[in-house]
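Read through the structure below, which is laid out as structure tokens, and then see the notes.
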Protein chains: 2
Amino acid sequence: MKSTENERLLQTPDSQAAAFERVRQAHQMEATEDYVELIDDLIHSLGEARLVDVAERMGISQPSASKTIARLQRDGFVTSEPYRSIFLTEKGKTLADRSRARHDVVFRFLLAIGVPESVAEQDSEGLEHHVSDETLAIFERIIQQKKDESAPDESS
Amino acid sequence: MKSTENERLLQTPDSQAAAFERVRQAHQMEATEDYVELIDDLIHSLGEARLVDVAERMGISQPSASKTIARLQRDGFVTSEPYRSIFLTEKGKTLADRSRARHDVVFRFLLAIGVPESVAEQDSEGLEHHVSDETLAIFERIIQQKKDESAPDESS
DNA sequence: CGTGAATCTTAGCCATGGCTTATTTTATGA
DNA sequence: TCATAAAATAAGCCATGGCTAAGATTCACG
């Protein structure tokens with residue numbers, strides 16, 4: 001029985017490979033989600049999403065932003081005429097809403113467990129893409145618990 | 001005052017850009033950390049780390065694994081002779097230890113808040129790279145709290 | 001001890017997502 | 001209106017991290 005000679009690998013190769021595969025999948029969607037979320041924010045706060053603002057807020061050069069926007073357009077998340085601002089398609093808007101919802105849950109969860117706001121802002125940006133639906137639901141439950149604790153009398 | 005015409009962008013462009021930059025930095029280290037952690041696990045459980053096992057557990061082809069291992073070697077995390085197994089350098093071992101420690105904290109934190117083990121296994125794989133030290137410390141505190149709750153009398 | 005299977009490497013492909021430099025287009029204001 | 005500044009695009013670079021197909025090496029066993 002070789003498997004007992006030293007216990008360290010708890011997972012089977014398959015389940016471990018599946019976990020990594022899942023992470024890779026998440027990565028593929030990350031940029032897309034971050035961009036549509038940001039574009040939606042820009043539209044709501046500034047009235048339109050300009051490439052220059054996207055680039056600034058992503059912290060990358062305009063050409064880099066432009067290339068990714070082109071991919072988003074190719075994949076049906078945004079539309080934009082040359083030299084004009086960027087619009088979300090229905091598909092893009094839907095994804096943006098979903099992403100922001102997740103982002104908010106993660107952010108509020110971190111606050112609820114005592115993470116300082118500035119740190120929670122930073123961390124939630126990275127974490128949001130890697131939280132499963134099941135874990136997200138638990139996050140929500142805990143947010144609610146904390147809310148109930150601090151304001152016990154708000155039934156209905 | 002343009003900034004009040006619609007509130008949605010809570011963060012300044014700079015801090016938002018910094019958060020994304022931080023995520024990109026984390027991504028750069030992700031593969032490295034996952035590999036050294038896995039290699040360390042393989043060495044401890046099987047006695048050595050073979051490329052074929054790394055590839056299997058990462059869920060990728062051998063040539064892909066080989067290419068990444070070459071990068072890790074270039075960057076001083078591992079050593080390996082052609083057609084021989086893979087060893088961690090001191091630098092690699094140190095990183096592996098740190099990574100597993102983080103991974104464990106995230107994993108046990110998820111368990112502590114009620115995430116099922118199989119989900120916690122999957123999620124912790126993706127989350128570990130995006131949790132700041134500050135948040136990680138809070139995770140540890142909560143793990144300890146839950147432990148105290150379920151076993152109140154273990155002072156010393 | 002030699003051969004076939006397993007393992008590993010090489011070569012070459014692709015997409016993503018960064019970058020710079022240079023050019024084109026648009027917008028602004030004197 | 002027209003010159004200049006700002007914004008966007010184009011072209012071309014690089015690294016990462018996937019892949020397949022094909023070749024080299026090692027290992028194990030008959």
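Labels below follow one simple rule: chain letters A, B, ... track the order of the sequence lines, proteins then strands, and each chain is numbered from 1. All heavy atoms count here, side chains included; hydrogens, waters and symmetry mates do not. Because the structure is predicted, anything quoted here is derived from the model rather than measured.
Judged by closest nucleotide on DNA chain D, B:Met58 is the one of B:Pro82 and B:Met58 placed further toward the 5' end.
A donor-acceptor distance shorter than 3.5 angstrom exists from the side chain of B:Ser124 to the backbone of B:Ala120, with no hydrogens or angles considered.
Residues B:Leu38 and B:Val54 come closest through the heavy atom pair CD2-O, 3.9 Å.
Phosphate contact (OP1/OP2 of D:dA8, side-chain N/O of A:Arg50, threshold under 4.0 Å): present. The phosphate of D:dA15 has neither OP1 nor OP2 within less than 4.0 Å of any side-chain N or O from B:Arg71. Look at A:Arg24 and you won't find any side-chain N or O under 4.0 angstrom from OP1 or OP2 of D:dT16.
Side-chain contact check for A:Glu149 and A:Gln145: no donor-acceptor pair (N or O, by modelled atom type) lies under 3.5 Å.
Rounding to whole angstrom units, CD of residue A:Gln28 and P of D:dT16 are separated by 19 Å. Computed from coordinates, the B:Ile86 CD1 to C:dC8 P distance equals 7 Å when rounded to whole Å. Spacing between atom CD of A:Glu48 and atom P of C:dT26 amounts to 15 Å, rounded to whole angstrom units. Across the protein-nucleic acid pair, A:Glu81 atom CD and C:dT26 atom P stand 11 Å apart, rounded to whole Å. Per the geometry, CG belonging to B:Asp53 stands 8 Å off P belonging to C:dT7, to the nearest Å. Rounded to whole Å, atom P of C:dA27 lies 5 Å from atom CZ of A:Arg84. In this structure, A:Glu21 atom CD and D:dC19 atom C1' are separated by 13 Å, rounded to whole Å. Put simply, CG on A:Leu51 is 13 Å from P on C:dG18, counting in whole angstrom units.
Using a 4.5 Å cut-off on side-chain heavy atoms (C-beta onward), B:Val36 and B:Lys93 make no contact.
For an aromatic pair to be called close, the ring centres must be under 6.0 Å apart, and B:His130 with B:His27 satisfies this.
Applying the side chain to side chain donor-acceptor pair (under 3.5 Å) rule to pairs touching residues 74-91 of chain A yields A:Glu48-A:Ser85, sequence neighbours excluded.
With respect to A:Arg22 and B:Asp123, a salt bridge is recorded, a charged nitrogen being found less than 4.0 Å from a carboxylate O.
Within residues 60-69 of chain B, the residues that place at least one heavy atom under 4.0 Å from DNA chain D are, in residue-number order, B:Ile60, B:Ser61, B:Pro63, B:Ser64, B:Lys67.
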